[in-house]
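Shown next, in structure tokens, is the structure this report addresses.
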Amino acid sequence: MLVYGQEILNKANKEGYGVGAFNFVNFEMINAIFVAANEANSPIFVQASEGAIKYMGIDMAVSMVKTMCKRYPHIPVALHLDHGTSFDSCKKAVEAGFTSVMIDASHHPFDENLTETYKVVQMAHENGVGVEAELGRLMGIEDNISVDEKDAVLVNPKEAERFVKESKVDYLAPAIGTSHGAFKFKGEPKLDFERLKLVKELTKVPLVLHGASAIPDYVRASFQESGGDIGSSKGVPFSFLQEAVKGGINKVNTDTDLRIAFIAEVRKLANKDKGQFDLRKFFAPGMEAMSKVIVERMKILGSSNKI
Ligand code: G3H
Ligand code: 13P
Ligand code: ZN
């Protein structure tokens, strides 16, 4: 059942678990996410970036999710705009039927981010839709980073408190040292859990972890085995994801892991069966590999059997 984002995240916040927010760009990805949620008996966020919306068409994105919701009516599903870059983009998503939007004005100065977020919150709340915003910059923190440099990049907990209070945003993504993609850390993985806990204490709202792909060893190995090259990739370890959930993270954004798991299967078949051109033969194993990663992630985050 399609529900507003706050409904899923307020429950997760109260009960202390994380809900995976999985990106999709086509039928295969959305199908794999729902199949996994059904198997794990877990609520889900399904999210489309502006690029994904451009690729699918917003009408197609919404109707695929609604069709899946009819197929699996017992699963609570929020359809979320990932990294909305403007008020107009968020408004279009709300009008098209999204039940949650992110306004990402985090690259602007604090006051501008606050003003833009407040505007989106007013519009979205008139329609019941939940809003996510971001504070700080998404980038890895090196071991030798100075306190000042760290403060310039990561979320400022006091600012987070003021931001949530004044913008009335429903959930917040605080930068604590993650980044998007497959190469998150140069040395040992490192996240600022102390800062996260402080943000939670001061805001109490559901918090969001961007750049949360883990790149488990078996997923990297499968990609390498297929002839791909992400040997030096590094994701957020499972133990870190669990510590982040303990520290107050309730929405866990995951895209890269799904892409890698899927494409590894496509490339394997392309190498093995040079005469093959039936799309289904490539995509079915891709979907299966993706679903496996998602079911495992739901267990790790604690959202399995939370329906
Ligand atoms: O955070 C970004 C997501 O992984 C979506 O990426 O803009 O390539 O669709 P995209
Ligand atoms: P990953 O690149 O770690 O999967 O992060 C995805 C994300 O944050 C989408 O908003
Ligand atoms: Zn993100």
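Whatever order the structure lists them in is the order used to number ligands and atoms, beginning at 1.
Proximity of Val62 to Phe98: side-chain heavy atoms (C-beta onward) are separated by under 4.5 Å at one or more points. For the pair Met56 and Phe27, the minimum side-chain heavy-atom distance is 4.5 Å or more. The closest side-chain heavy-atom distance from Met298 to Asn41 is not below 4.5 Å.
Remark: ligand 2 and Asn23 share no N or O pair separated by less than 3.5 Å (distance only, no angle test). Inclusion of Thr254 in the set of residues having an N or O under 3.5 Å from an N or O of ligand 2 is not warranted. An N or O contact shorter than 3.5 Å is missing between Asp257 and ligand 2 by distance.
Excluding waters, the set of protein N/O/S atoms under 2.8 Å from the Zn ion (ligand 3) reads His83 NE2, His180 NE2, His210 ND1.
Salt bridge Lys54/Glu50: absent, no basic N to carboxylate O contact under 4.0 Å.
For the 3.5 Å distance criterion, the side chains of Lys11 and Asn250 fail to qualify, holding no donor opposite an acceptor. Looking at Ser291 and Glu39, their side chains never bring a donor and an acceptor atom within 3.5 Å of each other. Side-chain polar atoms of Ser222 and Lys268 form a donor-acceptor pair below 3.5 angstrom. No hydrogens or angles considered: nothing links the side chains of His108 and Asn113 as a donor-acceptor pair under 3.5 Å. For Asp170 and His125, the side-chain atoms include at least one donor-acceptor pair closer than 3.5 Å.
Among His180, Met102, Lys184, the residue whose heavy atom lies closest to atom 3 (O) of ligand 2 is Lys184.
Atom CZ of Phe87 has more than 12 neighbouring heavy atoms from other residues, nucleotides or ligands inside a 6.0 Å radius. Residue-environment remark: NZ (Lys292) stays at or below the threshold of 12 foreign heavy atoms within 6.0 Å. Around the CD atom of Glu288, the shell of radius 6.0 Å holds no more than 12 heavy atoms that belong to other residues, nucleotides or ligands.
Ordered by chain and residue number, the residues placing a heavy atom less than 4.0 Å from ligand 1 are Asn23, Ser49, Asp82, His83, His180, Asp255, Arg259.
When heavy-atom distances to ligand 2 are checked against a 4.0 Å cut-off, Ala212 comes that close only through its backbone atoms N, CA, C and O.
Side chain of Asn156 to backbone of Asp151: no donor-acceptor contact under 3.5 angstrom is found. No side-chain donor-acceptor contact under 3.5 Å links Glu28 to the backbone of Gly286. In terms of modelled atom types and a separation under 3.5 Å, the side chain of Arg220 and the main chain of Ser233 share a donor-acceptor contact.
For atom 9 (C) of ligand 2, the closest non-hydrogen atom on the protein side is Asp82 OD2, 3.1 Å. Protein heavy atom nearest atom 2 (O) of ligand 2, with residue, atom name and distance: Thr256 OG1, 2.6 Å.
Per-residue contacts place His83 under 4.0 angstrom from the following atoms of ligand 2 (heavy atoms of the residue considered): 10 (O). Atoms of ligand 2 found under 4.0 Å from any heavy atom of Asn253, numbered from 1 in the order shown, are 5 (O), 6 (C), 7 (C), 8 (O), 9 (C), 10 (O). Atoms of ligand 2 lying under 4.0 Å from any heavy atom of Ser213, numbered from 1 in the order shown and given with element: 1 (P), 3 (O), 4 (O). Set against the non-hydrogen atoms of Gly211, the atoms of ligand 2 under 4.0 Å away are 1 (P), 3 (O), 5 (O), 7 (C), 8 (O). Under a 4.0 Å criterion applied to the non-hydrogen atoms of His210, ligand 2 contributes the atoms 8 (O), 10 (O). Interface of Gly181 with ligand 2, defined as ligand atoms under 4.0 Å from a residue heavy atom, comprises 2 (O).
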Would you check, one step at a time, whether the test side chain to side chain donor-acceptor pair (under 3.5 Å) holds for Lys200 with Asn13?
CA-CA 10 Å; Lys200 189 69 173 194; Asn13 192 13; 2.8 Å; yes
